[in-house]
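All values below come from the heavy atoms of this structure, side chains included, with hydrogens, waters and symmetry mates left out. Just so we're on the same page: letters track the sequence lines, and every chain starts at 1.
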2 protein chains.
Amino acid sequence: MAPNDGLSRLVSRTQPRYRTAAEFVETTLREAILTGVIAPGTPLRQEELADTFGVSRMPVREALRQLEARALAEFHPHRGAVVAEISAADGADIGAIRMALEPMALRLSLPALTAADLDQAEELIAEMDGEADPGRMGELNRRFHMTLYARAGRPRLLALAEQHLLAADRYLRFQFAALGYLPRSQDEHRALLAACREGDADTACRLVAEHVGQAAEQLAAFLSAREAG
Amino acid sequence: MAPNDGLSRLVSRTQPRYRTAAEFVETTLREAILTGVIAPGTPLRQEELADTFGVSRMPVREALRQLEARALAEFHPHRGAVVAEISAADGADIGAIRMALEPMALRLSLPALTAADLDQAEELIAEMDGEADPGRMGELNRRFHMTLYARAGRPRLLALAEQHLLAADRYLRFQFAALGYLPRSQDEHRALLAACREGDADTACRLVAEHVGQAAEQLAAFLSAREAG
DNA sequence: TGTCAGGATATTGGATCCAATCTATCACCG
DNA sequence: CGGTGATAGATTGGATCCAATATCCTGACA
């Protein structure tokens with residue numbers, strides 16, 4: 001039960017009552033994959049998961065299919081599913097998608113941002129300053145970005161953006177040697193927030209694109225270095 | 001069997017041998033939903049689908065879960081799934097996402113486009129001129145766009161872009177009163193292609209964004225009019 | 001007559017069982 | 001000694017069966 005230890009802990013501290021077992025399994029598994037509790041390449045054995053979750057194999061199968069559709073698991077017929085791998089090419093894809101989506105989200109959201117939104121974003125920057133834990137760091141960063149996009153009034157666009165923010169986090173979690181990225185990232189956050197406060201949409205969009213691009217470049221460099229070595 | 005007539009036809013002319021029944025059902029159902037063979041809001045009864053496909057309910061359930069993850073079906077616990085509805089808000093979301101993704105895809109692809117690619121795009125424009133069938137029209141339009149993006153070297157970005165092109169097509173299929181959109185759209189196609197031939201990335205990206213925006217605006221107007229009346 | 005309670009029915013959700021297929025091991029042969 | 005083929009085990013894919021839940025209809029009562 002060693003490889004499932006982290007997952008078991010996630011399962012056991014499950015508070016909310018899900019309406020179906022499949023939903024429970026899917027949500028928990030997705031969380032586990034995105035937060036790195038289950039490493040890329042790990043086989044997802046149906047019976048093993050069924051035992052861990054205390055259900056039969058069927059809801060597990062439904063959950064795995066959903067994860068496949070979200071590109072978080074890879075299916076090989078009659079051989080089972082594994083947690084989706086992380087490649088340098090995928091990292092570049094995620095970066096490009098973020099660079100496309102997030103400026104659009106910000107441009108739509110910016111005119112509708114309230115003072116409270118901007119204050120909350122500033123709060124999140126401050127919290128990040130004192131944060132050491134990578135996992136929590138990723139969450140704060142994600143919330144900062146999503147706070148700025150929240151007023152876009154385009155739920156599907158936001159969901160897609162958040163999904164790729166989470167995917168980027170997942171990549172970062174397996175890196176995060178590059179802690180040196182932090183200070184510069186925080187400077188970029190502050191500059192971005194300032195542009196938002198001034199309502200300067202063009203500058204803000206440019207800044208967020210550059211900011212995301214920075215992260216993507218670092219990530220791509222790290223991943224291709226890892227693949228080479 | 002009246003409401004399944006179109007689906008039955010799709011099922012019966014299935015040539016390729018799928019590796020699993022679930023894959024077969026998912027692919028065929030997705031095609032049917034995206035091409036409008038099954039209308040939005042249609043209930044997806046598991047047993048009925050199982051009969052239509054000649055399989056048991058289980059692969060159908062797995063397929064439905066995948067469609068749910070792709071936002072093509074909506075699940076209501078213990079009440080079943082229905083084909084995802086089409087709302088004006090969703091149309092606006094799709095449009096915004098396309099406006100974000102496609103200029104990015106074009107910018108990455110443009111420097112690597114070959115003369116053959118550009119010729120094929122021109123060929124597709126010509127084919128569209130003489131096309132009356134809406135379904136085929138949508139396919140040609142999609143291929144034109146994807147041809148221009150194909151050299152981006154970002155498979156996940158391209159898959160996401162194509163997915164939303166398909167979604168937009170799905171919306172258009174339920175409209176397409178607006179056949180008047182055609183000539184202007186073709187002019188935009190030609191202008192876009194010209195910019196690509198000249199290698200003018202900035203102009204090309206601006207044109208594709210405007211072009212997609214045009215389509216999105218028309219769609220949104222149509223949908224909100226339909227919702228109002 | 002309208003509303004609410006209760007039961008019948010249909011449909012989904014979950015468990016178990018069987019079949020298909022892949023993997024690994026081992027014997028056998030060149 | 002290395003490679004190939006067969007066989008056993010493990011694991012998934014698919015079908016059937018049972019339980020849980022929602023819907024709908026009916027009927028009693030205010």
Side-chain angles (χ1 to χ4, degrees), chain A residues 1-4 7 11 14 16-30 33 38-39 41-85, chain B residues 1-4 7 11 14 16-30 33 38-39 41-85:
Chain A
M1 187 133 314
N4 271 7
L7 182 58
V11 171
T14 288
R17 273 288 165 268
Y18 295 94
R19 289 170 302 180
T20 67
E23 189 185 340
F24 165 50
V25 175
E26 197 270 337
T27 305
T28 310
L29 258 186
R30 186 178 51 194
I33 294 175
I38 316 182
T42 307
L44 296 165
R45 304 243 165 274
Q46 297 177 4
E47 195 128 19
E48 186 180 337
L49 292 171
D51 288 345
T52 307
F53 284 96
V55 298
S56 84
R57 271 177 50 210
M58 164 135 353
V60 172
R61 279 163 68 171
E62 292 186 34
L64 290 178
R65 287 292 179 187
Q66 287 183 290
L67 295 176
E68 185 201 17
R70 292 181 189 277
L72 292 177
E74 294 166 7
F75 259 78
H76 304 275
H78 295 104
R79 292 197 312 169
V82 298
V83 176
E85 288 284 357
Chain B
M1 185 117 332
N4 270 8
L7 182 57
V11 172
T14 287
R17 272 289 164 270
Y18 294 94
R19 289 169 301 180
T20 68
E23 187 185 342
F24 165 49
V25 175
E26 197 270 337
T27 305
T28 310
L29 258 186
R30 186 178 53 194
I33 293 175
I38 315 182
T42 307
L44 296 164
R45 304 242 165 275
Q46 296 176 3
E47 195 129 19
E48 187 180 335
L49 291 172
D51 288 346
T52 307
F53 284 96
V55 299
S56 85
R57 270 178 53 212
M58 163 129 1
V60 172
R61 279 163 68 172
E62 292 187 32
L64 290 178
R65 287 292 179 187
Q66 288 183 289
L67 295 176
E68 186 201 17
R70 292 181 189 276
L72 293 176
E74 294 167 7
F75 260 78
H76 303 276
H78 295 105
R79 292 198 314 171
V82 299
V83 176
E85 288 284 359

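- Pairing each heavy atom of B/Leu44 with each of B/Ala73, the nearest pair is CD1-CB, 4.1 Å.
- Here the options are B/Leu67, B/Val11, B/Leu72, the test is side-chain contact (heavy atoms from CB on, under 4.5 Å), and the partner is B/Leu29; only B/Leu67 passes.
- For the side chain to side chain donor-acceptor pair (under 3.5 Å) test, no residue two or more places apart in sequence or in another chain qualifies with A/Arg45.
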Which pairs, protein N/O on one side and nucleotides 20-23 of chain D N/O on the other, fall under 3.5 Å?
from   : atom 1 : to      : atom 2 : distance (Å)
D/dT23 : OP1    : B/Arg79 : NH1    : 2.9

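- When the P atom of D/dG13 is taken as reference, atom CD of A/Glu47 falls 13 Å away, rounded to whole Å.
- Of all heavy-atom pairs spanning B/Val82 and B/Pro43, the tightest one is CG1-CA, 3.9 Å.
- The side chain to side chain donor-acceptor pair (under 3.5 Å) test applied to B/Arg61 returns A/Glu62, not counting sequence neighbours.
- Put simply, CD on B/Glu68 is 14 Å from C1' on C/dT12, counting in whole angstrom units.
- Computed from coordinates, the A/Gln66 CD to C/dG13 C1' distance equals 13 Å when rounded to whole Å.
- For B/Glu68, the side chain to side chain donor-acceptor pair (under 3.5 Å) partners are A/Gln66, B/Arg65, not counting sequence neighbours.
- Contact check for A/His78 versus B/Arg19: no side-chain heavy atoms found under the 4.5 Å cut-off.
- Rounding to whole angstrom units, CD of residue A/Glu74 and P of D/dT12 are separated by 16 Å.
- Partners of A/Arg57 according to the side chain to side chain donor-acceptor pair (under 3.5 Å) rule, which considers only residues two or more places apart in sequence or in another chain, are A/Gln46.
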Please write out the pairs of protein N or O atoms and N or O atoms of nucleotides 14-19 of chain D separated by less than 3.5 Å, giving the distance to one decimal.
from   : atom 1 : to      : atom 2 : distance (Å)
D/dG14 : OP1    : B/Ala21 : N      : 2.5
D/dG14 : N7     : A/Arg61 : NH1    : 3.0
D/dG14 : N7     : A/Arg61 : NH2    : 2.9
D/dG14 : O6     : A/Arg61 : NH1    : 3.4
D/dA15 : OP2    : B/Ser56 : N      : 2.8
D/dA15 : OP2    : B/Ser56 : OG     : 2.7

